[in-house]
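Right, one structure below, let's go through it.
Below, chains carry the letters A, B, ... as their sequence lines are ordered, and counting in each starts from 1.
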Amino acid sequence: MIEVKNLSRYYGDFCAVNNVSFTINRGEITGLLGPNGAGKTSIMRMITGYLKATQGDILVDDIDVSKDPIAVKKLIGYLPESAPLYGDMIVYDYLVYAAEIHDVKDPERIVETAGLCGLIPVMHKTIDELSKGFRQRVGLAHAMIHNPEILILDEPTNGLDPNQITEIRNLIKEIGKEKTVILSTHILPEVEATCDRVIIINAGEIVADDTTENIQSATENTLSVKVSLTGAALEEVCDTLKEINGVLSIRDSFDKDGLVSVVLETVSSRDLRPEVFKKAVEKGWIIYDLGRDQDSLEKVFRNLTLGGSNE
Amino acid sequence: MNNTVNLLKYNFRQTYVLYKKELKSYVGSPILYIIMTVFLLLTGVLFFKDFYAIGRADMRSFFNMLPFFFMLLIPAITMRQIAEERSKGTLEMVVTMPVTTSNIVTGKFFASLIVVLLMMLPTLLYVVSLGLAGAPDYGMIVAGYIGTVFLAAAYVAAGIFASSLTHNQIIAWLIATAICVFFTMIDFFIQYIPGKFFAILNYLSASFHFQSLAKGVLEFRDIIYFVTVSLFFMILSVRSIEERR
């Protein structure tokens with residue numbers, strides 16, 4: 001369990017983290033979400049003992065990070081942003097080194113961790129020769145070598161290609177079944193795909209802290225319906241759909257080679273998809289796509305981090 | 001207070017693991033071999049000049065010049081130690097593992113010291129040449145090598161401290177060289193200052209203490225001097241790593 005109480009961090013006069021408090025329970029995958037420079041990395045660095053807190057306390061399994069950093073570091077596996085590694089070392093040597101530092105005696109553990117992170121084919125390559133994806137995995141293996149109870153991953157999928165991102169996410173979900181995982185990201189789908197819980201941070205402060213579903217539904221006092229169809233011009237579609245009772249506004253409308261797409265902002269109390277369908281049938285339009293728009297978390301994020309000016 | 005806590009919890013195994021890693025990374029780096037070659041060329045010229053031209057069977061001029069070589073070469077050996085970890089971000093990896101800052105600094109210190117001593121190893125050939133050519137005073141030579149270990153320790157500690165201040169290796173080299181030049185050459189200024197300060201300048205001078213050890217007088221105060229200087233810079237390094245992050 002990780003308890004962060006009234007945590008603040010200043011760099012000179014600049015306040016990077018301002019009076020942040022949260023508790024993370026065992027077995028949760030928590031996403032720290034926020035734009036670049038929001039203070040995610042600073043918070044993680046303070047939990048891992050790399051940065052000193054200006055104010056506030058951090059307790060990991062009831063151990064105070066500032067009082068017994070070594071005990072806390074033993075509990076945590078940490079992947080810093082962009083996985084800094086010794087480029088001149090061979091992957092295998094690096095893992096042996098990490099294992100020795102953590103006093104991992106079982107040589108099987110190195111092979112096991114390498115297997116879990118998909119490193120077996122590159123075990124005898126120098127780290128400098130590796131692609132970004134493999135380097136990230138070496139960093140992850142480093143964080144996991146001592147089988148820690150808590151994993152802290154700073155932008156674990158940063159700079160990876162889509163296949164690698166999926167692999168790493170699956171790996172994190174797999175680990176998250178038994179361990180506590182905190183990951184930071186500025187990518188929304190990542191949180192939706194992997195996290196049980198989201199803490200949204202902006203300008204050093206927590207602006208939202210809840211389960212992923214709750215945060216998604218919290219914004220659903222408006223609901224977006226996306227529809228793509230053919231058989232009419234863009235203006236005609238907009239004018240017709242606006243007449244449906246409950247449609248508040250229309251956005252992101254465009255016409256691509258006759259395929260008209262629009263997003264309807266509607267009241268959340270009623271699902272308007274049947275009415276849209278009926279209208280289309282009535283006018284003889286052919287529907288290609290009709291669905292609820294999935295970007296609700298993105299909307300929360302936009303609202304919260306832009307100072308909620310739309311509210 | 002933090003330092004005392006760290007000292008109490010000092011874990012030699014962790015230092016050993018870090019030391020081993022640093023030593024391996026030195027052995028794999030070309031810089032080391034370049035520095036070793038430069039060192040051998042310089043000292044070789046100096047040694048054989050005396051050997052043939054003057055026909056003296058001792059290593060006095062070699063040990064006389066040693067602080068001057070060390071003040072330039074040791075900073076080149078130590079400059080990357082912490083500066084490189086800062087610039088590559090690996091310091092964050094090391095610091096967040098279950099090791100103390102003292103473990104990190106001492107691991108690097110001993111690895112660099114061993115490298116300097118490895119650099120000294122081929123100079124034993126000079127001793128062999130002397131032995132073949134005449135009858136040198138082996139006691140003096142052994143004393144010279146013992147003094148070398150202490151001198152190297154002090155300069156390595158200063159070099160690591162300089163490296164902990166910056167993420168730029170060139171700046172680390174310049175700072176370390178400045179510190180080592182100070183300790184090597186401070187007694188040169190004796191002629192410009194009032195007599196009552198002689199003792200202070202001499203006491204500060206690494207060359208003075210080194211020459212005193214190399215003369216074969218194993219005096220406690222010289223050893224204390226080098227141990228103090230080494231510890232002073234190592235503690236400063238620990239502080240500088242802990243504060244500047």
Side-chain angles (χ1 to χ4, degrees), chain A residues 9 11 41-42 44-52 63 65-90 93-105 126-128 135 138-143 145-146 148 150-152 154, chain B residues 1-32 80-104 106-108 111 167 238-245:
Chain A
R9 166 77 197 197
Y11 296 101
T41 300
S42 295
M44 292 185 144
R45 283 179 166 173
M46 284 188 278
I47 298 174
T48 55
Y50 180 66
L51 272 183
K52 279 182 191 151
I63 307 165
V65 174
S66 63
K67 298 221 171 76
D68 194 353
I70 299 291
V72 170
K73 286 171 189 175
K74 282 182 184 164
L75 296 171
I76 293 178
Y78 176 43
L79 171 69
E81 197 174 356
S82 74
L85 300 164
Y86 297 112
D88 56 343
M89 283 178 101
I90 288 167
D93 285 349
Y94 186 77
L95 295 181
V96 169
Y97 160 70
E100 281 181 338
I101 287 272
H102 282 106
D103 207 7
V104 174
K105 299 223 167 60
T126 327
I127 291 174
D128 270 344
R135 286 177 59 100
V138 175
L140 202 57
H142 162 107
I145 194 102
H146 55 303
I150 298 162
L151 267 180
I152 298 184
D154 199 352
Chain B
M1 200 213 65
N2 220 343
N3 277 335
T4 32
V5 173
N6 287 346
L7 279 176
L8 286 176
K9 289 200 177 156
Y10 197 82
N11 183 332
F12 288 94
R13 204 190 58 83
Q14 304 294 63
T15 304
Y16 177 68
V17 175
L18 291 165
Y19 155 83
K20 227 172 37 177
K21 189 239 137 224
E22 293 300 335
L23 196 59
K24 265 191 202 162
S25 118
Y26 266 129
V27 172
S29 121
I31 298 171
L32 171 65
R80 60 188 283 250
Q81 281 299 359
I82 298 162
E84 193 181 33
E85 301 236 24
R86 268 195 208 285
S87 69
K88 288 199 173 163
T90 47
L91 190 62
E92 189 172 352
M93 279 276 200
V94 187
V95 165
T96 52
M97 293 199 282
V99 296
T100 60
T101 315
S102 335
N103 288 145
I104 298 169
T106 33
K108 287 180 183 296
H167 54 260
V238 170
R239 294 231 60 128
S240 124
I241 295 174
E242 284 183 352
E243 295 308 316
R244 290 170 47 88
R245 65 169 199 243

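- Ranked by heavy-atom pairs under 4.5 Å with chain B, the first of Ala143(A), Ala83(A), Pro80(A), Ala98(A) is Pro80(A).
- With a 4.5 Å cut-off on side-chain heavy atoms, Met97(B) and Tyr97(A) count as touching.
- Contact annotation for Glu84(B): neither backbone nor side-chain heavy atoms come within less than 4.5 Å of a heavy atom of chain A.
- Here the side chains of Val94(B) and Tyr86(A) are in contact, with some heavy-atom distance below 4.5 Å.
- Closest heavy-atom contact between Asp88(A) and Arg80(B): OD2-NH2, 4.2 Å.
- The shortest heavy-atom contact between Pro84(A) and Gly89(B) is CG-O, 3.2 Å.
- Minimum heavy-atom separation, Lys73(A) to Val99(B): NZ-O, 4.0 Å.
- When heavy atoms are compared at a cutoff of 4.5 Å, His146(A) does not approach chain B at all.
- The two residues Met93(B) and Gly139(A) make their nearest non-hydrogen contact at CE-CA, 4.3 Å.
- The distance from the NE2 atom of His142(A) to the OG1 atom of Thr96(B) is 5.5 Å, given to the nearest 0.5 Å.
- With a 6.0 Å radius and a threshold of 12 heavy atoms from other residues, nucleotides or ligands, Lys74(A) has its NZ atom at or below the threshold.
- With a 6.0 Å radius and a threshold of 12 heavy atoms from other residues, nucleotides or ligands, Tyr16(B) has its OH atom at or below the threshold.
- Ion pairing between Lys21(B) and Glu100(A) fails under the 4.0 Å rule for side-chain N and carboxylate O.
- Of all non-hydrogen atoms in Tyr50(A) and Glu92(B), the two that sit nearest each other are CE1-CA, 3.5 Å.
- Scanning both residues, Ile101(A) and Gln14(B), for their nearest heavy atoms gives O-NE2, 3.1 Å.
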